[in-house]
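Numbers restart at 1 for each chain; the letters A, B, ... are given by sequence-line order, proteins then strands.
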Amino acid sequence: MLEREFFARATVDVARDLVGCVLEVDAGTSAHVSARVVEVEAYLGLGDPASHAYRGPTPRAAIMFGEPGHLYVYFSYGVHHCANLVTESRGTAGAVLLRAASVEAGEDTVRLRRGGAVPREALLRGPGNLCRGLGISLLDNGLDVCSGDARLSVSPPASRPRITVSRRVGITAAADRALRFAWDGHAAVSAPRPGREQARRLVGTKKGTG
DNA sequence: TGGACGATTGACT
DNA sequence: GTCAATCGTCCAT
């Protein structure tokens with residue numbers, strides 16, 4: 001299991017090192033799921049306009065200013081949840097968004113939660129789908145993944161995968177920063193749909209930003 | 001207290 | 001390629 005020191009580092013370093021790690025959910029129960037992280041994004045806090053912590057420790061973002069190694073879960077678009085791991089030392093905001101993972105064990109449990117006919121590599125692809133497949137909700141917000149008795153923990157990989165760095169997906173602020181880390185060539189990595197970014201930019205002109 | 005917006009997704013044309 | 005769903009959070013009043 002990863003110790004708290006792993007998370008108490010620069011967010012970018014934690015994000016890069018998380019790719020290839022294994023999420024252990026509900027270990028020791030019939031709902032146990034193992035999933036290998038294949039894609040993450042770094043959110044830097046006060047200096048990062050795309051981060052929820054950009055405006056300081058609001059009630060929602062306060063957890064990102066707290067102890068590293070905790071889970072930050074938020075509800076987005078009224079539809080789904082997104083899960084982050086808090087980084088940096090206490091008092092400094094930072095978090096790593098879990099965007100995609102590959103199911104290693106407990107595939108039946110994940111399929112039950114996802115429903116329908118989903119290809120194996122797509123079961124945990126996309127931040128919303130990842131949370132649904134792993135059963136992560138607002139109830140898990142604040143979970144300490146380093147405590148050893150939470151329903152979620154993270155284990156280091158046997159070997160480091162090759163990683164590609166690119167721009168973050170689905171944001172309008174600081175969109176050019178290369179803070180997305182993905183397992184090079186892995187089938188479970190998510191990708192923005194063709195034309196999606198362009199459409200979003202056109203919508204953005206409504207706000208006079210263009 | 002009201003209104004705008006969003007770290008997305010699935011469905012439809 | 002295009003669009004609607006849906007609600008918590010945050011800022012302005």
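DNA chain C forms stems at B:1-6 with C:7-12, B:8-12 with C:1-5, each a run of 3 or more consecutive Watson-Crick or G-U wobble pairs whose two key distances fall under 3.5 Å.
Going from atom NE2 of A:H81 over to atom C1' of C:dA5 covers 15 Å, rounded to whole Å. Nucleotide B:dT8 holds its P atom 11 Å from the CG atom of A:N84, rounded to whole Å. Counting to the nearest Å, the C1' atom of C:dC7 and the CG atom of A:L138 are 11 Å from each other. The separation between A:H80 atom NE2 and C:dC7 atom C1' is 11 Å, rounded to whole Å. Spacing between atom OH of A:Y74 and atom P of C:dT9 amounts to 13 Å, rounded to whole angstrom units. A straight line from CZ of A:F181 to P of B:dA7 spans 19 Å, rounded to a whole angstrom. In this structure, A:Y72 atom OH and B:dA7 atom P are separated by 9 Å, rounded to whole Å. Between the CE atom of A:M64 and the C1' atom of C:dC10 there is a distance of 14 Å, given to the nearest Å.
Distance check on atom C1': C:dA4 versus B:dC5 gives 15 Å, rounded to whole Å.
Within residues 37-58 of chain A, the residues having any heavy atom under 4.0 Å from DNA chain C are, by residue number, A:R55, A:T58. Across residues 95-103 of chain A, A:L97, A:R99 each have a non-hydrogen atom less than 4.0 Å from an atom of DNA chain B (numbered order). Of the residues in residues 121-136 of chain A, those with a non-hydrogen atom less than 4.0 angstrom from any atom of DNA chain B are A:G126, A:P127, A:G128, A:N129, A:R132.
Nearest heavy-atom pair across A:V19 and A:A182 is CG1-C, 4.3 Å. Between A:D48 and A:L179, the shortest heavy-atom contact is OD2-CD1, 4.5 Å. For the pair A:V33 and A:G106, the tightest heavy-atom approach, listed with the atom from each and the gap, is CG2-O, 3.8 Å.
Listed by chain and number, the residues in a salt bridge (Lys or Arg N to Asp or Glu O under 4.0 Å) with A:R55 amount to none (sequence neighbours excluded). Taking the salt bridge (Lys or Arg N to Asp or Glu O under 4.0 Å) definition, one finds that A:R180 meets it with A:E39, sequence neighbours left out. Applying the salt bridge (Lys or Arg N to Asp or Glu O under 4.0 Å) test to A:D108 and every residue at least two apart in sequence or in another chain returns nothing. Looking at residues two or more places apart in sequence or on another chain, you find a salt bridge (Lys or Arg N to Asp or Glu O under 4.0 Å) between A:D176 and A:R167. In this structure, the ring pair (Phe, Tyr, Trp, His ring centres under 6.0 Å) partners of A:Y74, at least two apart in sequence or on a different chain, are A:H52, A:Y72.
Considering A:D17, A:V96, A:L97, A:V14 as possible partners of A:V40, the one that fulfils the side-chain contact (heavy atoms from CB on, under 4.5 Å) test is A:V96. None of A:L71, A:V25, A:L152, A:V145 except one satisfies the side-chain contact (heavy atoms from CB on, under 4.5 Å) rule with A:D140; the exception is A:L71. Tested against A:R16, the residues A:T11, A:V165, A:I163 include a single side-chain contact (heavy atoms from CB on, under 4.5 Å) partner, A:I163.
Backbone-only engagement by A:R114 is indicated by non-hydrogen atom pairs under 4.0 Å involving sugar-phosphate atoms exclusively.
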What side-chain donor-acceptor pairs closer than 3.5 Å can you find for residues 128-136 of chain A, not counting sequence neighbours?
{"from": "A:N129", "atom 1": "ND2", "to": "A:R125", "atom 2": "O", "distance (Å)": "2.9"}

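Evaluation of atom-type donor-acceptor distances gives no pair under 3.5 Å for the side chain of A:Y77 against the base of C:dA5.
Residue pairs meeting the ring pair (Phe, Tyr, Trp, His ring centres under 6.0 Å) criterion with at least one member in residues 138-186 of chain A, sequence neighbours excluded: A:W183-A:H186.
A:L46 shares a hydrophobic cluster with A:F65; the chain of contacts runs through ILVMFWY side chains whose heavy atoms sit under 4.5 Å apart.
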